[in-house]
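Quantities reported herein were computed from a predicted structural model and do not represent experimental measurements.
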Amino acid sequence: MDADLRLARAEDLPAIAAIVNRSIREHHANFSWREEPLSLWESRFRADARRHPWLVAVADDAVVGFAKSSAFREREAYDWLAETTIYLGEGARGRGLGTRLYGELLGILRRQGRLAALGVIALPNPASVALHEHLGFARTGTIERAGWKFGRWWDVGFWRLAFRDEDAEPPALRDVADALA
């Protein structure tokens with residue numbers, strides 16, 4: 001798919017919310033039971049944008065996908081591990097866009113000085129597993145029956161991609177803007 005990739009902006013948030021809310025309604029990959037309001041996405045964006053990249057794929061002036069990172073856990077010792085997320089709109093799947101978009105996100109995380117990226121996948125999800133493994137992620141564990149949605153239990157798998165030597169003292173993390181400069 002021919003799409004431009006760029007950092008997300010506030011005006012992209014309604015399209016991002018629409019893509020995610022469709023997934024919430026139709027798929028088990030997002031464990032929310034109810035659609036998430038735009039105000040929640042605005043709050044997340046304001047909280048994350050400096051330290052965690054949010055990227056969009058734009059085709060024909062419309063956001064057709066997005067990828068972002070977020071904190072894995074709140075405490076400071078986890079800062080070098082970024083949890084990653086990707087969503088593609090209905091017509092954007094299966095065209096190589098996920099690889100491009102996620103690959104760009106991972107490159108920014110590397111340049112920020114992150115140790116690793118962590119993909120958290122509700123299972124089964126063969127397309128997401130294939131994307132992560134294609135990009136070099138390795139499965140590190142599973143939590144069985146981690147979430148209840150659509151009348152059944154779902155497992156959650158963890159895939160990790162290391163960016164650098166894990167025994168070295170970590171560098172100071174760079175903000176997104178600095179990693180792109």
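Residues V156 and F72 are members of one and the same hydrophobic cluster, defined by side-chain heavy-atom contacts under 4.5 angstrom among Ile, Leu, Val, Met, Phe, Trp and Tyr. Note on F45: it does not cluster hydrophobically with L180, by side-chain heavy-atom contacts below 4.5 Å among ILVMFWY residues. A continuous path of Ile, Leu, Val, Met, Phe, Trp and Tyr side chains, each step under 4.5 Å between heavy atoms, connects V58 with V20, placing both in one hydrophobic cluster. W33 and I19 fall into different hydrophobic clusters, defined by Ile, Leu, Val, Met, Phe, Trp and Tyr side-chain heavy atoms under 4.5 Å apart, directly or through other members. The cluster map of Ile, Leu, Val, Met, Phe, Trp and Tyr, joined by side-chain heavy atoms under 4.5 Å apart, puts Y102 and V63 in different clusters.
When side chains are defined from C-beta on, I86 does not count as touching L105, because their heavy atoms never get closer than 4.5 Å. Within the 4.5 Å cutoff, the side chain of W154 has heavy atoms near those of the P124 side chain. Side-chain contact between L55 and L7 is present, with heavy atoms from C-beta onward closer than 4.5 Å. Between R145 and D155, some side-chain heavy-atom pair lies under the 4.5 Å cut-off. Considering only heavy atoms from C-beta on, I16 stays 4.5 Å or farther from Y87 through its side chain. At a threshold of 4.5 Å between non-hydrogen side-chain atoms, the residues L161 and L109 do not count as touching. Side-chain atoms of L118 and L81, non-hydrogen and from C-beta on, do get closer than 4.5 Å to each other. Using a 4.5 Å heavy-atom threshold, the side chains of R100 and E104 count as separate.
Formation of a donor-acceptor pair under 3.5 Å by the K149 side chain with backbone atoms of S32 is found in this model. Judged by distance alone, the side chain of R164 and the main-chain N or O of G113 form a donor-acceptor pair under 3.5 Å. N21 contributes a side-chain N or O that, together with a main-chain N or O of E36, makes up a donor-acceptor pair within less than 3.5 Å. Judged by distance alone, the side chain of S69 and the main-chain N or O of H52 form no donor-acceptor pair under 3.5 Å. Formation of a donor-acceptor pair under 3.5 Å by the R174 side chain with backbone atoms of R111 is found in this model.
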Could you go step by step and tell me if R34 and I24 meet the side-chain contact (heavy atoms from CB on, under 4.5 Å) rule? CA-CA 7 Å; R34 292 172 208 83; I24 289 170; 5.9 Å; no

What verdict does the side-chain contact (heavy atoms from CB on, under 4.5 Å) test give for D12 and W54, after you've listed the backbone C-alpha separation in whole Å, the side-chain angles of each residue and the deciding distance to 0.1 Å? CA-CA 10 Å; D12 299 321; W54 287 45; over 6 Å; no

Show your working on side-chain contact (heavy atoms from CB on, under 4.5 Å) between F137 and T84 and close with a plain yes or no. CA-CA 11 Å; F137 284 75; T84 55; 4.2 Å; yes

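Closest heavy-atom contact between A57 and A3: CB-CB, 4.3 Å. Considering every non-hydrogen atom in both S128 and H132, the closest pair reads O-ND1, 2.8 Å. In plain terms, the two heavy atoms of P14 and L38 that are nearest each other are N-CD1, 3.7 Å. For the pair D2 and A59, the tightest heavy-atom approach, listed with the atom from each and the gap, is O-CB, 3.6 Å. Scanning all heavy atoms of the two residues, the minimum distance from A82 to R114 falls at CB-CD, 4.1 Å. Between R51 and V176, the shortest heavy-atom distance links the atoms C-CG2, 3.8 Å.
The neighbour count for R75 CZ, taken as heavy atoms of other residues, nucleotides or ligands under 6.0 Å away, does not exceed 12. For NE2 of H27, the number of neighbouring non-hydrogen atoms (other residues, nucleotides, ligands) closer than 6.0 Å is greater than 12. For E74, the CD atom is loosely surrounded, since the number of other residues' heavy atoms within 6.0 Å does not exceed 12.
Between atom OG1 of residue T99 and atom CG of residue L135 there is a gap of 5.5 Å, rounded to the nearest 0.5 Å. For the atom pair CG of L40 and CZ of R44, the computed distance is 3.5 Å after rounding to the nearest 0.5 Å.
Using bins of under 30°, 30° to 60° and over 60° for the plane-to-plane angle, the ring pair W153/W148 lands in the perpendicular bin. Relative ring orientation between W41 and F66 is described as perpendicular, the plane-to-plane angle rising above 60° on a 0-90° scale split at 30° and 60°.
Taking Ile, Leu, Val, Met, Phe, Trp and Tyr as members and joining any whose side-chain heavy atoms lie under 4.5 Å apart, directly or through other members, the hydrophobic cluster of L115 also contains W80, L173.
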